[in-house]
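Encoded as structure tokens, here's the structure I'll be asking about.
Side-chain atoms are counted along with the backbone in the values below, which use heavy atoms only and exclude waters and symmetry mates. Remember, predicted model here, so these are calculated numbers, not experimental data.
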Amino acid sequence: MALKRPKWKDGTVVVLEHVSQLLKGNPLGDPHVRKLAVWLPPEYDAAHARGRRFPMLMDMVGFTGSGLSHIAWKNFSENVPERAARLIHEGRMAPAIIVFPDCFTALGGNQYVNSSAIGPYADYLIR
């Protein structure tokens, strides 16, 4: 199997630490400080300097996944940022910012709706 050596720019992944007042004190005691990954397309810096804006896509993983898992290195396939960079290069996707939120709970899965038993996760995503 050949090494992955794309001939296009790969963009930039930034991992931020987000402090959420909405998730603070949630019923399960889940952390309110979360890692939040953001992928910026290859042309972001130059276009942003000119005032160009980009659409934002939210990558919401399946029940037992994690936002950070979709930016992880894969040996024989593409992760989400690598796939997005390739699709932009091929002209099959417009440049966009992709956000990878962390909504994992102590119950072992992701929560994307507001729940009095788990916490205000829909509000966390939207606000």
Next on the checklist: Suppose the criterion is salt bridge (charged side-chain N to carboxylate O under 4.0 Å, His left out): which pairs have a residue in residues 89-107, not counting sequence neighbours?
Outcome noted: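 Every pair satisfying salt bridge (charged side-chain N to carboxylate O under 4.0 Å, His left out) with a residue in residues 89-107: R34-D102, R86-E90, E90-R92.
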Checklist entry - Heavy-atom distance under 4.5 Å between the side chains of L40 and I97, does that happen here? => result yes
Checklist entry - What heavy-atom pair brings V13 and P81 nearest, and what distance separates the two atoms? => result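 Scanning both residues completely, I find the closest heavy atoms to be CG2-CG, 4.0 Å.
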Item to check | Inter-residue atom distance W73.CH2 - E78.CD, 0.5 Å rounding | outcome: 13.5 Å
Item to check | N/O donor-acceptor pair under 3.5 Å between N110 side chain and G65 backbone | outcome: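 Here the side-chain-to-backbone pair exists.
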Item to check | Single-linkage hydrophobic cluster I126~M58, side-chain heavy atoms < 4.5 angstrom | outcome: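 The answer is no; the residues belong to distinct hydrophobic clusters.
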Item to check | NZ on K24 to CG on L22, rounded to 0.5 Å | outcome: 12.0 Å
Checklist entry - Got Y124 and N26 here, is their nearest side-chain heavy-atom distance under 4.5 Å? => result no
Checklist entry - Can you find a pair of side-chain heavy atoms, one from E43 and one from F54, that are under 4.5 Å apart? => result yes
Next on the checklist: To the nearest 0.5 Å, what is the distance between OG on S20 and NE2 on H32?
Outcome noted: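 With rounding to 0.5 Å, OG (S20) is 8.0 Å from NE2 (H32).
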Checklist entry - Do the side chains of L107 and L28 get nearer than 4.5 Å, heavy atoms only? => result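 When only atoms from C-beta onward are counted, L107 and L28 do touch, with a gap below 4.5 Å.
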Checklist outcome for this item: When every non-hydrogen atom of E82 is compared with those of S77, the smallest separation belongs to OE1-O, 3.8 Å
Checklist entry - Got a donor-acceptor contact below 3.5 angstrom from the N79 side chain to the A72 backbone? => result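 Such a contact is found between N79 side chain and A72 backbone.
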Item to check | Close side-chain approach of I71 to V15, heavy-atom, < 4.5 Å | outcome: yes
Item to check | Where V61 and S69 come nearest, the two heavy atoms and their spacing | outcome: CG1-OG, 4.5 Å
Checklist entry - Linking I/L/V/M/F/W/Y whenever any side-chain heavy atoms sit under 4.5 Å apart, do I98 and L68 land together? => result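 Same cluster.
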Checklist entry - Is a side-chain donor or acceptor of D59 paired with a backbone partner of F100 at a separation under 3.5 angstrom? => result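 Answer holds: no.
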Item to check | CG-CE distance between L125 and M60, expressed to the nearest 0.5 angstrom | outcome: 5.0 Å
Checklist outcome for this item: Taken to the nearest 0.5 Å, the spacing of F63 CZ from T105 OG1 works out to 6.5 Å
Checklist entry - Rounded to the nearest 0.5 Å, how far apart are CE of M56 and CH2 of W39? => result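 M56 atom CE to W39 atom CH2 measures 14.0 Å (nearest 0.5 Å).
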Item to check | Minimum heavy-atom distance between A117 and P27, given as atom pair plus value | outcome: O-CB, 3.3 Å
Checklist entry - With side chains defined as the heavy atoms from C-beta onward, is the minimum distance between P41 and M93 less than 4.5 Å? => result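 No; the side chains remain at least 4.5 Å from each other.
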Item to check | ILVMFWY network linking L36 to L57, side-chain heavy atoms under 4.5 angstrom | outcome: no
Checklist entry - Do L23 and P31 come within less than 4.5 Å of each other through their side chains, counting heavy atoms only? => result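 No, too far: nothing below the 4.5 Å cut-off.
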